[in-house]
Asks: 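One structure, as structure tokens, below. Some questions next.
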Amino acid sequence: DLSNRGINSAEFKISNDDEVYTSIGTYQFSKAPSSQSVNFAQSIAFTNARARYLLLKVNSNWGDKEFVGLSELIPTVTNCENSTNEEILR
């Protein structure tokens, strides 16, 4: 079952220089359904997280002993003065 490769727990860290990272929290993810026909979007809000870089440190998955998987990660930016998401995410 490929859904066992999905991330169960991960820590997110942010940085402005790609050298020193600060943890902004550890988050639990729900296990994905085995069907690809299900929209399985999950949202995580980072309050007051200002950074240029985002690091994802995987702590555990749902049981696979060799692999971990993440289908897609789409960062969105809010409350950033004088910029659009496209400018910031380049």
Asks: Test of understanding: clusters of I, L, V, M, F, W, Y form through side-chain heavy atoms closer than 4.5 Å, transitively. Do Leu54 and Tyr27 belong to the same one?
Replies: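 Yes, because Leu54 and Tyr27 connect within a single hydrophobic cluster, where side-chain heavy atoms sit under 4.5 Å apart.
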Asks: Side chain to side chain contact (heavy atoms under 4.5 Å, CB included) with Ile7: which of Asn59, Val58, Asn61?
Replies: Val58
Asks: Could you tell me which non-hydrogen atom of Asn16 sits nearest to which non-hydrogen atom of Ala51, and how far apart they are?
Replies: OD1-CA, 3.1 Å
Asks: Is any side-chain heavy atom of Ser9 closer than 4.5 Å to a side-chain heavy atom of Thr26?
Replies: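 Result yes, sub-4.5 Å side-chain heavy-atom pair found.
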Asks: What heavy-atom pair brings Glu11 and Ser23 nearest, and what distance separates the two atoms?
Replies: OE2-OG, 2.7 Å
Asks: Any side-chain heavy atom of Asn8 sitting closer than 4.5 Å to one from Gln28?
Replies: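 Side-chain contact under 4.5 Å: yes.
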Asks: For the atom pair CD (Glu66) and CG (Asn4), what is the distance rounded to the nearest 0.5 Å?
Replies: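 It comes to 12.5 Å.
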Asks: Nearest 0.5 Å, what's the CZ-CG distance between Arg5 and Leu70?
Replies: 13.5 Å
Asks: Are Ile14 and Leu73 joined in one hydrophobic group, where the rule is that I, L, V, M, F, W and Y side chains link up if heavy atoms are under 4.5 Å apart?
Replies: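 Yes, one cluster joins them.
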Asks: So if you build clusters from Ile, Leu, Val, Met, Phe, Trp, Tyr with side-chain heavy-atom gaps below 4.5 Å, do Leu56 and Tyr21 land together?
Replies: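 Different hydrophobic clusters.
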Asks: Mind listing the closest non-hydrogen atom pair of Ala32 and Ser3 along with its distance?
Replies: O-CB, 3.4 Å
Asks: Using 0.5 Å steps for rounding, measure from the NZ atom of Lys13 to the CD1 atom of Ile24.
Replies: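 The NZ atom of Lys13 sits 11.0 Å away from the CD1 atom of Ile24.
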Asks: Using 30° and 60° as the class boundaries, would you call the ring planes of Phe12 and Phe29 parallel, tilted or perpendicular?
Replies: tilted
